[in-house]
Amino acid sequence: MRTKVAIIGAGPAGLLLGRLLDKAGIETVILERRSQDYVLGRIRAGVLEQGTVELLDKAGVSERLHADGLIHDGVELCFDGDKHRFNFHELIGRTVTVYGQTEVTRDLMQARDASGAKTIYEAENVSLHDFDSDKPKVRYLKDGVEHELACDFIAGCDGYHGVARASVPAGSIRKFERVYPFGWLGILVDRPPVAEELIYAHHERGFALCSMRSPTRSRYYVQVPADEQVQEWSDDRFWDELRRRVDEETADNLVTGPSIEKSIAPLRSFVAEPLRFGRLFLAGDAAHIVPPTGAKGLNLAASDVGALAEAFIAFYAERSSAGIDGYSARVLSRIWKAERFSWWMTSILHTFPDTDAFSRRIQRAEFDYLRSSEAAARSLAENYTGLPM
């Protein structure tokens, strides 16, 4: 079998890349080691920047997004019960849209199925070969039979633990990482959100976030130690802890209920450099991880594949290699801006093991500066709603 671009990973990054290339008439095959149902079962965040929405418009997969997505003009930040709303639309004329990553994935899957483009789920033992030459190939097992896929390029969109980055020789790649000493314990509940917009809360007991997936489904998080076990948290314990960390009005208005999903997500910052290795390109979580505090994960992945799609389209349409040659430097510039913003949001909103009275007063001073300075508020709005390439 042969194709132009072999895409490893059928998450939103791989599917969006495949869709953009498909619309440009560039043949792709996507290989995914998990089943389609497993991919759709992943619970992830869904705050979309305007640039991500525009890219999904370009891909022709945004009909449900515009019908069901919740447009937010801003967010609320809370420090020890003192709450302030930052109106992004008034500050810079931009908004964000809340639309679950699972739904983005579903829309992309349906579009790919309708187009007839090939996706191979439950592809086992995927291995990448000869990507340092002009004849790369991918081998995999399907139903116990070994297959080989020849291609012009390989796009590694298979996540942090995927085979794509692991295939790069150790001496050819640098890795930058920070692992945080806490995670987010999150629950999903079929109850109306406590507020119309997201609430980020700092409390001496730890961080909390009030979010949503729809007008009837809410997502809540509390900071917990990195070694915490999810089974130690009953629903009642979670709701009690959340109430302690948010402001009094939010606590009083909280509509609780049985969780339909509960999990702990570790927090880390990670960047790989470079992101091109001959005919192999890394994108999405294979290239970088950001703490979810800045709502950048899915948006950064979309930005990566938007740039990579442009590069491939220019190569095939114009025989120009400028885009693929410049891909790594272009996207890494934006990646590090997102890493900085996500690190900053994490540092001011969470309680660290070594946080002392001085550190908390510095965090409070940062919060007070944000709400008193229009320039600082504009910077928050610009970073949250979309970073430049």
Side-chain angles (χ1 to χ4, degrees), residues 3-9 12-28 30 49-52 54-56 58-59 128 130-136 138 151-160 162 164-165 167-169 171-176 269-290 296-342 382-383 386-389:
T3 192
K4 289 183 175 178
V5 181
I7 300 173
I8 315 301
L15 288 166
L16 180 56
L17 177 60
R19 177 64 177 172
L20 293 168
L21 295 180
D22 182 51
K23 287 182 70 67
I26 298 171
E27 184 186 26
T28 64
I30 297 180
E49 298 172 356
Q50 281 193 192
T52 301
E54 291 166 3
L55 195 58
L56 293 168
K58 183 179 179 180
L128 282 51
D130 301 331
F131 51 81
D132 56 347
S133 74
D134 60 357
K135 294 182 179 179
V138 182
C151 54
D152 298 330
F153 300 101
I154 302 172
C157 305
D158 53 341
Y160 181 78
R165 191 182 70 248
S167 299
V168 177
S172 300
I173 191 169
R174 293 187 68 191
K175 301 172 186 177
F176 303 85
S269 300
F270 173 83
V271 181
E273 292 184 357
L275 301 178
R276 181 195 177 183
F277 308 90
R279 294 292 182 109
L280 168 64
F281 299 79
L282 302 181
D285 286 0
H288 47 73
I289 298 288
V290 290
K296 286 285 167 277
L298 176 56
N299 295 295
L300 205 51
S303 174
D304 291 349
V305 298
L308 190 54
E310 287 180 10
F312 286 149
I313 291 168
F315 177 84
Y316 286 108
E318 305 167 15
R319 306 309 298 177
S320 170
S321 62
I324 59 175
D325 291 341
Y327 167 76
S328 184
R330 179 185 179 190
V331 298
L332 278 168
S333 174
R334 191 176 196 269
I335 287 165
W336 279 112
K337 291 172 186 174
E339 292 285 353
R340 185 209 66 82
F341 177 66
S342 299
E382 288 167 353
N383 280 276
L387 294 157
M389 285 296 291

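Ring-centre distance between Trp336 and Phe176: below the 6.0 Å cut-off.
Inter-residue side-chain proximity for Leu280 and Leu128 is flagged as met; some heavy-atom pair is nearer than 4.5 Å. Here the side chains of Lys135 and Asp130 are not in contact, with every heavy-atom distance at 4.5 Å or above. Here the side chains of Val290 and Ile335 are not in contact, with every heavy-atom distance at 4.5 Å or above. The side-chain heavy atoms of Ile26 and Val5, taken from C-beta on, include a pair separated by under 4.5 Å. Residues Ile173 and Glu273 fail the side-chain proximity criterion, which asks for heavy atoms closer than 4.5 Å. The side-chain heavy atoms of Glu310 and Arg330, taken from C-beta on, include a pair separated by under 4.5 Å.
In this structure, Arg276 is not positioned above the aromatic face of Phe131 in the sense of NZ or CZ being under 6.0 Å from the six-membered ring centre and within 45° of the axis. Note that Lys175 lies outside the cation-pi zone of Phe270, set by a 6.0 Å cut-off to the ring centre and a 45° limit from the axis. A cation-pi arrangement is present between Arg279 and Phe153 under the rule of less than 6.0 angstrom and at most 45 degrees off the ring axis.
Side chain of Asn383 to backbone of Phe341: no donor-acceptor contact under 3.5 angstrom is found. Of the possible donor and acceptor atoms, one in the side chain of Ser342 sits under 3.5 Å from a partner among the backbone N and O of Ala338.
Among all heavy-atom pairs drawn from Ala286 and Asp158, the shortest one is CB-OD1, 4.0 Å.
Glu339 has no carboxylate O lying under 4.0 Å from a charged side-chain N of Arg334, or vice versa, which leaves the two without a salt bridge.
Checked by atom type, the side-chain pair Tyr327/Asp304 shows no donor-acceptor distance below 3.5 Å.
By the neighbour-count criterion of 12 heavy atoms within 6.0 Å, atom NZ of Lys4 is densely surrounded, having more than that number from other residues, nucleotides or ligands.
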